[in-house]
*Asks:* 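Below is a structure I'd like to ask you about.
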2 protein chains.
Amino acid sequence: MGVVRNTKSVKLVNDLFNEIHSAIGVVELVEKFNGQMNKSTIYRILDRLEDEGRVHSFLGVNGLKHYAKCHDCSKSEHVDIHPHFQCTTCGKVECVSYEIKIPRLSNKKIEQAQLLLTGTCEVCLA
Amino acid sequence: MGVVRNTKSVKLVNDLFNEIHSAIGVVELVEKFNGQMNKSTIYRILDRLEDEGRVHSFLGVNGLKHYAKCHDCSKSEHVDIHPHFQCTTCGKVECVSYEIKIPRLSNKKIEQAQLLLTGTCEVCLA
DNA sequence: TTATTTTTGCGACTGAGTTGCATTAATTGT
DNA sequence: ACAATTAATGCAACTCAGTCGCAAAAATAA
């Protein structure tokens with residue numbers, strides 16, 4: 001365990017999440033911070049931020065990991081089950097403020113749910 | 001395009017999907033048919049079966065591709081948007097017969113939705 | 001049966017994500 | 001402020017799912 005340190009790289013990643021309000025894929029993050037920090041570092045920072053509950057992760061259409069800052073739900077216990085939307089044209093991914101209803105399944109205990117919506121975003125529709 | 005040929009390998013894969021009624025990951029399929037057919041062959045057969053609408057695919061919790069035979073919806077135009085359930089204990093994955101409601105997003109056109117439920121299945125609960 | 005076209009096997013490859021380890025940087029205690 | 005401690009980073013090598021090109025084999029059509 002131990003303390004989480006506020007390193008230069010952590011600050012850079014945090015700053016980015018504060019600027020952008022959409023979600024971002026790890027691949028894009030690696031590209032964006034190319035030269036500033038190592039691939040492994042990014043993966044490790046994201047892991048830590050997620051552990052702390054400062055970001056949440058989910059998989060995009062292609063199964064690639066995406067992260068977004070928890071805006072709506074930062075105070076709560078990080079049990080935000082909201083859908084995510086990915087534009088199949090421009091690739092942009094964002095969180096959707098919409099409460100999804102989880103079906104009850106007989107004899108099964110559902111602990112998590114992730115809903116991924118794909119389609120065309122407002123920019124690409126125009 | 002051309003005709004889809006009914007090869008020995010295709011038969012084996014079809015037989016398996018008729019036997020099992022749960023979904024199965026590509027990794028498990030590769031393992032299961034190890035010695036009987038090549039990894040690439042499996043991937044290609046699954047691609048073809050999906051093109052034909054005989055199976056559908058989705059991503060499991062770890063982003064790995066899974067396939068299942070379309071039981072409930074084989075006749076329709078393969079627009080089956082049903083959830084999938086994955087047991088985090090035993091790893092089993094299955095289709096869930098439950099109509100999910102897709103939220104309407106302003107200015108966005110949603111074409112697809114995939115809902116993945118994770119938790120503990122009836123066997124592992126006992 | 002022969003000609004045509006699709007599938008397969010193989011091996012090499014790609015690309016995301018992980019790991020071990022030595023080095024560097026942040027924190028803690030004095 | 002400085003030394004000691006402990007966490008984070010860089011690097012390079014690795015794992016593993018999935019893809020690709022191409023020659024050989026198997027299906028279908030003629």
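Every chain is numbered from 1 and lettered A, B, ... according to where its sequence line falls, protein lines coming before strand lines. What you see below is based on every heavy atom in this structure, not just the backbone, and it leaves out hydrogens, waters and symmetry mates.
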*Asks:* Treating primed atoms plus P, OP1 and OP2 as sugar-phosphate and everything else as base, which nucleotides of nucleotides 12-25 of chain C get B, S or - for protein heavy atoms under 4.0 Å?
*Replies:* ----SBBBB----B
*Asks:* Please report, rounded to the nearest Å, how far the P atom of dA17(D) is from the NE2 atom of His66(B).
*Replies:* 11 Å
*Asks:* Rounded to whole angstroms, how far apart are CG on Leu29(B) and C1' on dC16(D)?
*Replies:* 17 Å
*Asks:* Take atom NZ in Lys11(B); do more than 12 heavy atoms of anything else shown fall under 6.0 Å from it?
*Replies:* yes
*Asks:* Identify every side-chain donor-acceptor pair in residues 30-45 of chain A under 3.5 Å, counting partners at least two apart or on other chains, and give the distances.
*Replies:*
| from | atom 1 | to | atom 2 | distance (Å) |
| --- | --- | --- | --- | --- |
| Asn38(A) | OD1 | Ser40(A) | N | 2.9 |
| Asn38(A) | OD1 | Ser40(A) | OG | 3.2 |

*Asks:* Any chance the side chains of Glu50(B) and Ser57(B) put a donor and an acceptor closer than 3.5 Å?
*Replies:* yes
*Asks:* Report the distance from atom CG of Leu46(A) to atom P of dA8(D), rounded to the nearest whole Å.
*Replies:* 14 Å
*Asks:* Write down the distance between CD (Gln36(B)) and C1' (dT8(C)), rounded to a whole number of angstrom.
*Replies:* 15 Å
*Asks:* Using the ring centroid of each side chain, check whether His56(B) and His82(B) are separated by less than 6.0 Å.
*Replies:* yes
*Asks:* Could you label the plane-to-plane angle of the Phe58(A) and His84(A) rings as parallel, tilted or perpendicular, counting under 30° as parallel and over 60° as perpendicular?
*Replies:* parallel
*Asks:* Can you tell me which residue pairs pass the salt bridge (Lys or Arg N to Asp or Glu O under 4.0 Å) test with a partner in residues 88-97 of chain A, sequence neighbours excluded?
*Replies:* Lys92(A)-Glu94(A), Glu94(A)-Lys108(B)
*Asks:* In this structure, how many angstroms lie between the P atom of dA7(D) and the CD atom of Glu52(A), rounded?
*Replies:* 14 Å
*Asks:* Can you check the Tyr67(B) OH to dA17(D) P distance for me, whole Å?
*Replies:* 15 Å
*Asks:* Expressed as a whole number of angstroms, how long is the span from Met37(A):CE to dA7(D):C1'?
*Replies:* 16 Å
*Asks:* What integer distance in Å separates Asn6(A):CG from dT9(D):P?
*Replies:* 10 Å
